Amino acid sequence: MDWGMANRINRIIRPDTGRTLMFAVDHGYFMGPTTGLEKLDETVTPLLPYADSLMLTRGALRYYVSPKIDTPIILRVSGGTSILNKQMLHEGIVAGIEDAIRLNVAAVAFSIMVGADYERDTLLAFTEVIDMAERYGIPTLAVTAVGKELVRDAKYLSLASRIAAELGARIVKTYFCDGFEQVIQSCPVPVVIAGGKKIPEREALEMAYQAVQTGASGVDMGRNIFQADSPIAMVQAVRSIVQDDSNVDKAFQLYNDLK
Ligand code: R5P
């Protein structure tokens, strides 16, 4: 692997643990001022010391994040439809590779819509992004399985994750499910899980625990951190599971103590 590519991946997934806590705050690209991110800087800044990387759009990065940080950035480069649009599962490229380089990002992220009406468009645009990003040693994170109507079972998530990896993704983001080992075993690149809609804190910790114990390389979690009763406590509790191998009881105790 090219040095730059390897270095960027190692900045995201810690080589000593093989794990990562990606903090996802890119929701605004299709959800607008998402609850908890209205003033994105106020939410994100205190949590940054506990995140291995930060996933967001170029607008949010420029407007809300200081260039003095050294947290690796994962830049959302797909979009084009919003939650108000019935065809919201139709994304294309919304940020070019030159801007990704200018912003000194560690990776770019693109949503693929496997099984949706516009599957072909998103897969072809995804490979365009990969070709451009690979030219400069920048890894592409595939975001899979976003969408309300999808059945997120092991069969579907394995299929979407494997397609993403075969098309050239260096990291795959998907969802936890029953039989998650099938997803891990059939995907040749590191897999991280999204948190999804806000659920009770203990359940989110349980999901993160099950995912990493089954072989996930970590989480790419947003709402279950920034919409928690105490985001600063939650990010540390999730971190204890991902990076320190805490069990759920210990992590939840930590959450309550810090809260
Ligand atoms: C969705 O496409 C966005 O990339 C989110 O960043 C992702 O779903 C992770 O956030 P959450 O844990 O809130 O689902």
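Values below: all heavy atoms of this structure, side chains included; hydrogens, waters and symmetry mates excluded. Whatever order the structure lists them in is the order used to number ligands and atoms, beginning at 1. A quick note: this is a predicted structure, and the numbers were derived from the prediction, not measured.
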query = What about H27: any of its N or O atoms under 3.5 Å from an N or O on ligand 1?
reply = yes
task = Can you sort out which atoms of ligand 1 are near M55, meaning under 4.0 Å from one of its heavy atoms?
result = 4 (O)
note = Logged contact type for F110 with ligand 1, heavy-atom cut-off 4.0 Å, is neither
key: K173 heavy atom under 4.0 Å from ligand 1   = yes
query = Under a 4.0 Å heavy-atom limit, does D220 contact ligand 1 with its side chain, its backbone, both, or neither?
reply = backbone
query = Any ring pair (Phe, Tyr, Trp, His ring centres under 6.0 Å) pairs touching residues 57-77, not counting sequence neighbours?
reply = none
ask   = Which atoms from ligand 1 have a heavy atom of M221 less than 4.0 Å away?
value = 12 (O)
message = Checking Q253 against D257: is there a side-chain donor and acceptor pair closer than 3.5 Å?
response = yes
remark   = Counting from 1 in the order shown, the ligand 1 atoms closer than 4.0 Å to a non-hydrogen atom of R223 are 11 (P), 12 (O), 13 (O), 14 (O)
Side chains of S217 and T20, donor plus acceptor under 3.5 Å = no
key: Sub-3.5 Å N/O-N/O distance, S111 and ligand 1   = no
query = Parallel, tilted or perpendicular: which describes the rings of F252 and Y255, with under 30° parallel and over 60° perpendicular?
reply = parallel
key: K155 bridged to D153 by N-O distance under 4.0 Å   = no
query = Which ligand 1 atoms, with their elements, are less than 4.0 angstrom from a heavy-atom of Y175?
reply = 8 (O)
task = Give a yes-or-no answer on whether the side chains of R76 and S111 include a donor-acceptor pair shorter than 3.5 Å.
result = yes
ask   = Hey, does G196 come in under 3.5 Å of ligand 1, counting only N/O atoms on both sides?
value = yes
query = With only distance considered, is V143 within less than 3.5 Å of ligand 1 through an N or O on each side?
reply = no
remark   = Residue set satisfying ring pair (Phe, Tyr, Trp, His ring centres under 6.0 Å) with F23, at least two apart, ordered chain then number -> none
ask   = Would you call D52 and R19 a salt bridge, taking side-chain N to carboxylate O under 4.0 Å as the test?
value = no
note = atom 1 (C) of ligand 1 sits nearest the protein heavy atom R76 NH2, 3.9 Å
query = Salt bridge between R152 and D178, side-chain N to carboxylate O under 4.0 Å?
reply = no
query = Do any nitrogen or oxygen atoms of A24 lie less than 3.5 angstrom from nitrogen or oxygen atoms of ligand 1?
reply = no
D26, any N or O under 3.5 Å of ligand 1 N or O = yes
